[in-house]
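This report refers to the structure that appears directly beneath it.
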Amino acid sequence: MTRIVRVGAAQMGPVARDETRAAVVERLLELLRRGAERGCDLVVFPELALTTFFPRWALEDPAEIDAYYETEMPSATTRPLFDEARRLGIGFHLGYAELTPDGHRYNTAILVDRDATIVGRFRKVHIPGHDTAEPWRPFQHLERRYFEESPEGFGVWRAFGGIVGMAICNDRRWPETYRVLALQGAELVCIGYNTPLHYAPDPTQDPLQGFHNHLVMQAGAYQNGMWVVGVAKGGIEEGVPSLAQSAVIAPSGQIVAQAYTTGDELIVADCDLDWCDHYRRTLFDFEVYRRPDAYGLITERKGIVPPPDGDGP
Ligand code: CDV
């Protein structure tokens with residue numbers, strides 16, 4: 001029996017600061033229904049899908065800040081998404097800002113099964129940007145003010161006939177993300193992102209945003225023999241142009257579907273989970289070829305420690 005998961009990558013265009021949650025949920029419902037029409041098993045929405053990317057502002061009003069977070073999932077506003085998904089028999093992945101009952105703030109994504117039960121929850125591990133306002137930037141990236149680093153690391157869940165992992169935006173740039181997921185058997189990884197095209201600390205990277213986005217996800221997919229679904233909230237959001245180019249990537253590293261707009265767009269791909277074995281049983285047979293004994297520094301050391309200066313070559 002083949003294990004094909006038909007995945008819809010539901011790219012979103014910008015969400016305006018004054019766009020209501022209800023209006024955003026309507027957009028998500030439209031994408032979900034398009035996914036159902038095309039026979040999808042799973043529709044993947046982006047990072048922080050329910051609001052504008054608020055870390056671009058140094059907000060001071062606590063009430064305004066809190067309004068960007070979800071304190072329950074589903075809530076009265078997001079419940080229609082769960083109800084419609086259950087009615088359509090389609091699963092989804094959704095990113096949002098989470099405020100826990102004990103006051104922790106995470107950049108979170110959930111995996112929801114076809115019966116609308118939440119089967120997995122992931123909190124972003126790598127939190128980029130800065131934690132105090134930096135006025136020299138044309139816009140802020142204050143994720144480190146608004147979110148804590150997840151203490152939970154990377155998990156996987158049995159769902160959709162396979163093993164599914166999640167990561168969020170900046171996590172996709174780190175090879176450790178994919179390897180830790182692959183070592184738990186992940187066959188399909190859902191990744192939502194908000195990536196401004198302008199990277200203020202080093203604008204030489206600006207023209208390479210699209211290249212780097214695909215580079216890291218294609219490498220992660222190939223080197224770990226897994227499917228990767230990368231989904232953007234792209235377009236010009238509150239004056240900030242953001243990368244689109246959502247893509248579904250096969251375990252071969254090939255892009256098998258890619259968004260061609262910068263707005264709300266659904267791309268669909270049949271992900272054969274058994275294709276992972278082409279790589280996991282050959283070139284990347286971890287059990288045979290990996291050398292964890294040679295990789296100790298990966299977990300022992302955080303930053304770079306060059307060798308001491310010496311006279312030798
Ligand atoms: N939302 C993100 O995590 N964005 C980051 C920053 C650095 C642009 C990213 O890695 O795409």
Side-chain angles (χ1 to χ4, degrees), residues 9-15 17 44-59 65 68-70 93-98 105-110 122-134 136-150 153-154 165-178 181 189-220 228-247 249 259 262:
Q11 176 176 285
M12 296 178 73
V15 174
R17 189 172 186 163
V44 180
F45 296 114
E47 174 193 35
L48 298 177
L50 295 170
T51 65
T52 198
F53 189 78
F54 63 93
R56 75 169 62 89
W57 296 299
L59 303 170
I65 294 169
Y68 283 109
Y69 294 80
E70 309 301 312
H93 163 278
L94 177 73
Y96 61 92
E98 177 192 14
R105 293 166 194 269
Y106 297 110
N107 189 336
T108 296
I110 48 170
F122 169 75
R123 291 164 172 160
K124 189 172 181 176
V125 168
H126 300 95
I127 307 292
H130 45 111
D131 58 9
T132 51
E134 295 182 354
W136 58 270
R137 292 174 182 254
F139 54 88
Q140 304 296 299
H141 197 103
L142 283 160
E143 277 198 71
R144 294 182 73 83
R145 173 190 286 197
Y146 297 122
F147 299 116
E148 294 163 53
E149 295 173 336
S150 167
F154 296 98
M166 294 185 268
I168 298 179
C169 195
N170 191 258
D171 291 323
R172 78 193 188 286
R173 301 189 191 271
W174 299 88
E176 293 87 350
T177 297
Y178 305 92
L181 288 168
V189 179
C190 304
I191 307 176
Y193 59 90
N194 284 262
T195 296
L197 292 176
H198 176 55
Y199 184 61
D202 177 17
T204 69
Q205 297 179 30
D206 294 4
L208 303 173
Q209 290 293 356
F211 167 62
H212 288 157
N213 179 47
H214 288 161
L215 176 72
V216 291
M217 294 195 293
Q218 290 182 259
V228 172
V229 183
V231 185
K233 174 139 68 59
I236 303 175
E237 190 178 83
E238 295 295 340
V240 177
S242 299
L243 183 68
Q245 297 183 10
S246 302
I249 299 151
T262 57

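Just so you know, ligand 1 is whichever comes first in the structure, and atom 1 is the first atom listed for that ligand.
Listed by number with element, the atoms of ligand 1 under 4.0 angstrom from any heavy atom of Asn194 are 1 (N), 2 (C), 4 (N). Heavy-atom contacts of Pro196 reach the following atoms of ligand 1: 8 (C) (cutoff under 4.0 Å). Interface of Thr195 with ligand 1, defined as ligand atoms under 4.0 Å from a residue heavy atom, comprises 9 (C), 11 (O). Every atom of ligand 1 is numbered from 1 in the order shown, and the set under 4.0 Å from a heavy atom of Phe53 is 1 (N). In the vicinity of Arg173, heavy-atom distances shorter than 4.0 Å reach the ligand 1 atoms 9 (C), 10 (O), 11 (O). Within ligand 1, counting atoms from 1 as listed, the ones closer than 4.0 Å to a heavy atom of Lys124 are 1 (N), 2 (C), 3 (O). Ligand-side atoms of ligand 1 in range of Glu47: 1 (N), range being under 4.0 angstrom from any heavy atom. Each of the following atoms of ligand 1 lies closer than 4.0 Å to a heavy atom of Cys169: 1 (N), 2 (C), 3 (O), 4 (N), 5 (C), 9 (C), 11 (O).
For the pairing with Lys124, the side chain to side chain donor-acceptor pair (under 3.5 Å) check across Glu149, Glu143, Glu148 returns one residue only, Glu143. Tested against Arg172, the residues Thr195, Val228, Thr177 include a single side-chain contact (heavy atoms from CB on, under 4.5 Å) partner, Thr195.
Heavy atoms of His126 come nearer than 4.0 angstrom to ligand 1 in no pair at all.
On a distance-only criterion, Glu143 and ligand 1 share at least one N/O pair closer than 3.5 Å.
Considering every non-hydrogen atom in both Asp202 and Asp206, the closest pair reads O-OD1, 4.2 Å.
Between the Lys233 side chain and the Leu50 main chain, no donor and acceptor come within less than 3.5 Å of each other.
Checking Arg137 against His130 by side-chain atom types alone, a donor-acceptor pair falls below 3.5 Å.
Considering CZ of Phe122 and SG of Cys190, their distance stands at 11.5 Å, rounded to 0.5 Å.
A salt bridge is defined here as a Lys NZ or Arg NE, NH1 or NH2 lying under 4.0 Å from an Asp or Glu carboxylate O, and Glu98 with Arg123 meets this definition.
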